[in-house]
Novice: 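This structure is in structure tokens; I'll ask about it shortly.
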Amino acid sequence: MWQIEIAQAWEATAQPIATVVLAVTMVASAVSLAQSLSAQRKLLTTHRQLDLTPAHVQELRSRMRDATRMLAEERPTLRLAAVYELLAVADDWCRITRRSPRAERILLEHQRCLDLICGYLRANHRLERFVPGMSIEAGSEHDERIVREQMFVGVATHLNVWRHLGPFRIDLSGADLAGMKLQRSYFPGMVARGCVLTDADLSGSDLSSADLTDIVAANTRFTDANLSGARLVRCTATYASFNGADLSGAELTDAVLRGAQLIAATCDRTDLTGTDLRAAKLMRLDLSSAAWHTADLSGADLTGAQPKAVIDCATSAVPERKP
């Protein structure tokens with residue numbers, strides 16, 4: 001009897017169960033179809049964007065060529081306009097990168113804009129030798145330095161905005177940036193071997209891991225700058241200010257820092273082998289983990305410096321300051 005009742009119950013419920021299973025299957029199929037259509041729609045949208053990319057590329061390259069020609073103009077206003085146009089083109093390349101599956105290829109185009117700007121800065125065209133302590137009066141060189149300063153600051157701002165797409169290659173080796181106001185610049189990893197930074201102001205700038213080998217930076221302000229991991233080998237930074245700067249892991253082998261100020265700077269694992277620190281102000285400087293034993297500390301002010309042994313290396317002889 002119980003078998004008969006189960007059979008009758010199954011016959012009574014089989015049809016509703018089949019209906020429910022069919023409904024669930026249809027719903028699942030509908031969801032799968034909707035997802036497939038959505039994926040196809042996104043793919044088609046991407047394809048349409050890629051179809052427009054050649055036109056965008058042609059337009060941006062044309063703008064880049066026009067800006068490059070303007071950089072050769074004699075009028076400084078046109079050269080300044082060229083700077084802003086090149087930076088605008090670089091911004092557009094980065095915007096295209098965000099929606100393109102071929103980001104690496106687009107970023108190569110972006111890098112060309114940066115290479116053009118860096119090449120112009122390295123050329124040092126229209127510049128004469130900078131004389132420390134002498135102001136540059138109105139004239140062609142004054143106008144050119146304004147253009148170059150705006151170019152440098154513009155590139156720093158651009159790199160800061162698009163840092164998530166980087167790192168980018170910045171080579172300013174040999175560029176003349178003397179006397180320029182370049183505070184809070186963003187140039188981590190920059191290559192600037194032999195760059196002239198005399199009387200420049202780089203306070204608060206990010207120059208971490210930068211290659212600043214052989215730079216000339218007399219009277220330059222690196223106050224509160226991030227120079228961690230930077231290479232300052234054989235740099236000449238007499239009477240420069242590194243107050244509060246982060247020099248962790250920096251390499252200053254054979255650097256000339258005579259009369260420089262490094263008050264309360266961070267020198268964790270800093271390499272000061274053979275560094276000329278005569279008459280330097282090294283107050284509250286902790287050199288416990290730094291390589292300072294072969295540095296010349298004659299006449300240096302080591303008030304509050306650590307370790308105690310470093311104070312014994314300083315003598316009372318103070319070299320005469322030379323311009």
Side-chain angles (χ1 to χ4, degrees), residues 53-97 106-132 134-163 165-166 168-187 190-192 194-202 205 215-216 220:
T53 296
H56 290 167
V57 169
Q58 186 64 29
E59 176 190 357
L60 292 175
R61 285 178 177 171
S62 177
R63 289 170 56 191
M64 188 168 60
R65 286 194 299 270
D66 293 341
T68 304
R69 295 191 189 98
M70 290 171 65
L71 281 176
E73 294 287 344
E74 291 299 323
R75 285 180 291 178
T77 51
L78 291 179
R79 297 200 300 275
L80 192 57
V83 171
Y84 296 143
E85 180 64 9
L86 277 175
L87 292 173
V89 172
D91 285 336
D92 288 341
W93 281 123
C94 290
R95 292 188 184 96
I96 293 176
T97 300
I106 300 297
L107 286 177
L108 288 177
E109 300 284 352
H110 166 266
Q111 184 63 52
R112 291 190 181 101
C113 292
L114 299 181
D115 291 343
L116 278 172
I117 295 174
C118 292
Y120 182 90
L121 289 171
R122 291 196 305 269
N124 296 328
H125 187 49
R126 300 185 181 89
L127 294 182
E128 299 178 1
R129 184 176 178 81
F130 181 82
V131 179
M134 299 292 292
S135 60
I136 301 175
E137 299 179 354
S140 59
E141 182 172 357
H142 177 268
D143 295 337
E144 174 62 14
R145 289 193 179 274
I146 290 177
V147 172
R148 296 165 70 83
E149 182 174 315
Q150 291 302 312
M151 184 177 288
F152 189 97
V153 173
V155 171
T157 302
H158 173 85
L159 294 178
N160 193 20
V161 172
W162 300 103
R163 66 170 71 185
L165 297 177
F168 302 118
R169 183 178 65 255
I170 301 296
D171 188 351
L172 296 175
S173 298
D176 187 348
L177 303 173
M180 297 186 183
K181 308 301 181 185
L182 309 170
Q183 302 97 323
R184 294 177 294 281
S185 297
Y186 180 78
F187 279 97
M190 174 181 67
V191 177
C195 185
V196 178
L197 290 166
T198 305
D199 280 345
D201 190 351
L202 285 156
S205 296
I215 66 168
V216 180
T220 303

Novice: Over all heavy atoms of both residues, which pair between Asp92 and Arg95 is shortest? Give the atoms and the distance, please.
Specialist: OD1-NH1, 2.8 Å
Novice: Taking all non-hydrogen atoms of both residues, which atom of Leu107 and which atom of Leu165 are closest, and how far apart?
Specialist: CD1-O, 3.8 Å
Novice: Can you tell me how far the CG atom of Asp201 sits from the NZ atom of Lys181, to the nearest 0.5 Å?
Specialist: 5.5 Å
Novice: Could you point out which residue of Glu74, Glu73, Glu144 forms a salt bridge (Lys or Arg N to Asp or Glu O under 4.0 Å) with Arg79?
Specialist: Glu144
Novice: Looking at Ser62 and Gln58, would you say the former's side chain and the latter's main chain have a donor-acceptor pair under 3.5 Å?
Specialist: no
Novice: How close do Tyr186 and Ala156 get, counting heavy atoms only, and between which atoms?
Specialist: N-CB, 3.6 Å
Novice: If you look at every heavy atom in Ala175 and Cys195, which pair is closest and at what distance?
Specialist: O-SG, 3.2 Å
Novice: Should Arg112 and Asp115 count as an ion pair when the cut-off is N to O under 4.0 Å?
Specialist: no
Novice: Working to the nearest 0.5 angstrom, can you tell me the gap between Cys118 SG and Ile170 CD1?
Specialist: 4.0 Å
Novice: Working to the nearest 0.5 angstrom, can you tell me the gap between Thr198 OG1 and Asp176 CG?
Specialist: 8.0 Å
Novice: State the CG-CZ distance between Leu202 and Phe152, to the nearest 0.5 angstrom.
Specialist: 6.0 Å
Novice: Any non-hydrogen side-chain atom of Tyr120 less than 4.5 Å from a side-chain atom of Val83?
Specialist: no
Novice: Between Ser205 (side chain only) and Leu182 (backbone N and O only), is there a donor and an acceptor less than 3.5 Å apart?
Specialist: yes
Novice: Considering residues at least two apart in sequence or located in another chain, which fulfil the side chain to side chain donor-acceptor pair (under 3.5 Å) criterion with Asp91?
Specialist: His158, Trp162
Novice: Between Arg75 and Asp143, is the salt bridge (charged side-chain N to carboxylate O under 4.0 Å, His left out) condition met? List the steps.
Specialist: CA-CA 9 Å; Arg75 285 180 291 178; Asp143 295 337; over 6 Å; no
Novice: Could you tell me which residues satisfy side chain to side chain donor-acceptor pair (under 3.5 Å) with Arg69, sequence neighbours excluded, listed by chain and number?
Specialist: Asp66
Novice: Nearest 0.5 angstrom please: Met180 CE to Ile146 CD1, how far?
Specialist: 9.5 Å
Novice: Is a side-chain donor or acceptor of Arg148 paired with a backbone partner of Leu121 at a separation under 3.5 angstrom?
Specialist: yes
Novice: Glu85: which residues meet the side chain to side chain donor-acceptor pair (under 3.5 Å) condition with it, sequence neighbours left out?
Specialist: Arg63
Novice: So Met64 and Leu116, side-chain contact (heavy atoms from CB on, under 4.5 Å) or not? Walk me through it.
Specialist: CA-CA 9 Å; Met64 188 168 60; Leu116 278 172; 3.7 Å; yes
Novice: Looking at Gln111 and Arg169, would you say the former's side chain and the latter's main chain have a donor-acceptor pair under 3.5 Å?
Specialist: yes
Novice: Determine the minimum heavy-atom distance between Leu87 and Gly154, stating which atoms define it.
Specialist: CD1-CA, 3.6 Å
Novice: How close do Asp171 and Arg122 get, counting heavy atoms only, and between which atoms?
Specialist: O-NH1, 2.6 Å
Novice: Evaluate the side-chain proximity of Leu71 to Val147: yes if any heavy-atom separation is below 4.5 Å, no if none is.
Specialist: no
